[in-house]
Amino acid sequence: MISAFRIILIVCSISLIDSVQATEPMTWPHPLGPEYNRVSRERNFSLDWDDDSPQNADQHDELWTITELPGLHTPLIFNDKLYALFDFSSPEDELNTAKASKASFHYGVIAWSIKDRDPEARFSQQISSELPQRFAQPYLVGDPTWRQLFCLNVTGEVLALDSDLGNTLWTQFLFDDSVPDNLQAQSVAPIIFEHLLIVTWLVEQENRSTLYCMAMDRRNGLPCWQLKRSLANNILASPTPAVFGQQVVLAISGEEGTVELLQIRTGQTVEKLESSGNLQSIQELLYQDGQLLVLSSSENDTDMKSWHIDLWRLTQSESSNTDPAENPFKKLTHFDLQSAEMTTALLHGDTIFAVNSAGTLEVFSIKQQKRLHELPTAQGAKPHLQWVNDQLLLTTNSGLWQAYVCKNSACELIFSKEFGKQIPFPPAISKKQIYVQYDNELTAFGPFENGDAISQLMIPLTKIAQDETSEKPGSIQLIPAALSLSPGFKQEFQVLLFNEHGHFLKILDPQELTWEWSGPGEFSNPLGLLTLPIDIKDHSKNLLEVKLGELKAESVIRIDSTPEQFNALSAP
């Protein structure tokens, strides 16, 4: 629960936003890696573990294994610690959960020190709740710079933890009491950008799919912006940060098969990209070096799907010599893939990789606009792809482990092994070591001494975009964008001004603004302060609007006459 002090302190030290630097390249703070695309920037790292050369003699060493640890997704690595989200439910717990509408979910976050190879966990924090289950599984993401962990629970709770001690900093809710207990939704791992924690989920009701996206202030959990979109399918692809022109955007699945680009700090729509067609289900969104890859599928029959890749250039690459006067936003290519039940893709440089459950790895050249290779892999398994040091790492949930060297778009198999254990999630890669979550254990591979680990520089997206160069007002944001209040409560609001590229400019004086409040109580314009009367007897949803010239913003406020813990609303 958020304290009253944290509620009143809506936006603290806003200047800290500009001080946040790029994620350290040799960390793995998210299930999809440091750049949300399963690409590692590490160098001096060989995956040819059959190589007997002296420099690789200890590369394949099994450092340690943690047993009886049923992990729920890829482990996280940052600040010399390993973090795992695990399930410690017993069969009796699972049976009781299936029977009850509200039950306790026995998940936990556990952390070890990697630097000192400490055999004892640094902390273990249980994540449980008596709320109804909303999502199929929880997710854990981390931030090395602010030393925080964020857990999205199956109940729809978002918990912020101190990554060094495991202490709970705040708890927030995605759903309010108006949402029925039997609501089931899809979710993906949240992403972190500057001061924002961005959570997305998909709800399917009455044959209609609705995408929700909420950006929360990671310092207190208050919503900064939110949206909802009707989708033509029930597939939720992980959103990805990208650069579009001179602004940092969030790429999400949009309406009618489009990809929608939102200003990442404000949630304002800036562009819609048409994919292969309205009947396509977007499965993956991947961004690297100015290019956005869209992997989509369409149904063929009950077992097989048709798969397609669309590639967009959103901005000039860091090494591009293209004339800046040329329109930088265009579709570069389209590829039709082999039919399969499951397919995953990876984008790196001028090459696209796609592997499917039918047992084929396809390699495409962007420059040559053609398929270069079709290599055989394991059939009937869910595949995962990752990139490290000019090498493609392919793992499957059946236990297959393969490494390819890929230079000049030519790929050669250099290592292959059947582990005999399922690998349900992509491994984590950090400082020449690989962390693999099996069914019920977590194993670390690599050299004992990894002090010679190096990587490429990772340039922050804000520096690539140079979005701070304009002082032209573009939008305002009312903070918080949604909340629940009880009778007698006072709430202070702040309004932030952003430029045309979505870069923060300043906090506005409430007296400069025009306010309009549709609910009960008193709103003080000079202070931006809402005071509710103590004698409210019913429940209602009201709107607070604010204007600065032609710019406007709003906050949805639910008034609950029964005092309860502070809730953030689902997107209206």
Point to revise | Given Gln263, Lys506, Gln477, the one that forms side-chain contact (heavy atoms from CB on, under 4.5 Å) with Phe498 | key: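 Only match with Phe498 under side-chain contact (heavy atoms from CB on, under 4.5 Å): Gln477.
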State, without any angle test, whether [X] and [Y] hold a side-chain donor-acceptor pair at a distance under 3.5 Å.
X: Asp467; Y: His501; answer: no
X: Gln283; Y: Ser297; answer: yes
X: Thr269; Y: Glu260; answer: yes
X: Gln246; Y: Ser470; answer: no
X: Gln268; Y: Ser475; answer: no

Exercise for review: Using the test side chain to side chain donor-acceptor pair (under 3.5 Å), find all partners of Thr27 that sit at least two apart in sequence or belong to another chain.
Suggested key: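 For Thr27 there are no side chain to side chain donor-acceptor pair (under 3.5 Å) partners, ignoring immediate neighbours.
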Check your understanding: Which residues satisfy the ring-ring contact (aromatic ring centres under 6.0 Å, His included) test with Trp517, sequence neighbours excluded?
Key ->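 For Trp517, no residue satisfies ring-ring contact (aromatic ring centres under 6.0 Å, His included) once neighbours in sequence are set aside.
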Check your understanding: Does a side-chain heavy-atom distance below 4.5 Å link Phe123 with Asp162?
Key ->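 Counting from C-beta outward, Phe123 and Asp162 never come under 4.5 Å.
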Practice item. Would you check, one step at a time, whether the test side-chain hydrogen bond (donor to acceptor under 3.5 Å, both in side chains) holds for Thr462 with Glu468? Key: CA-CA 8 Å; Thr462 51; Glu468 75 282 359; over 6 Å; no
Review point. Could Asp164 and Arg122 be called an ion pair, given the rule that one side-chain N must be under 4.0 Å from one carboxylate O?
Key: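 Here Asp164 does not pair with Arg122 in a salt bridge, since their nearest N and O are not under 4.0 Å apart.
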Practice item. Answer yes or no: is there a donor N or O on one side and an acceptor on the other, between the side chain of Ser555 and the main chain of Pro480, under 3.5 Å? Key: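 Side chain of Ser555 to backbone of Pro480: a pair is present.
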Check your understanding: Just by modelled atom types, is the Leu286 backbone N or O under 3.5 Å from a matching donor or acceptor in the Asn37 side chain?
Key ->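 Absent.
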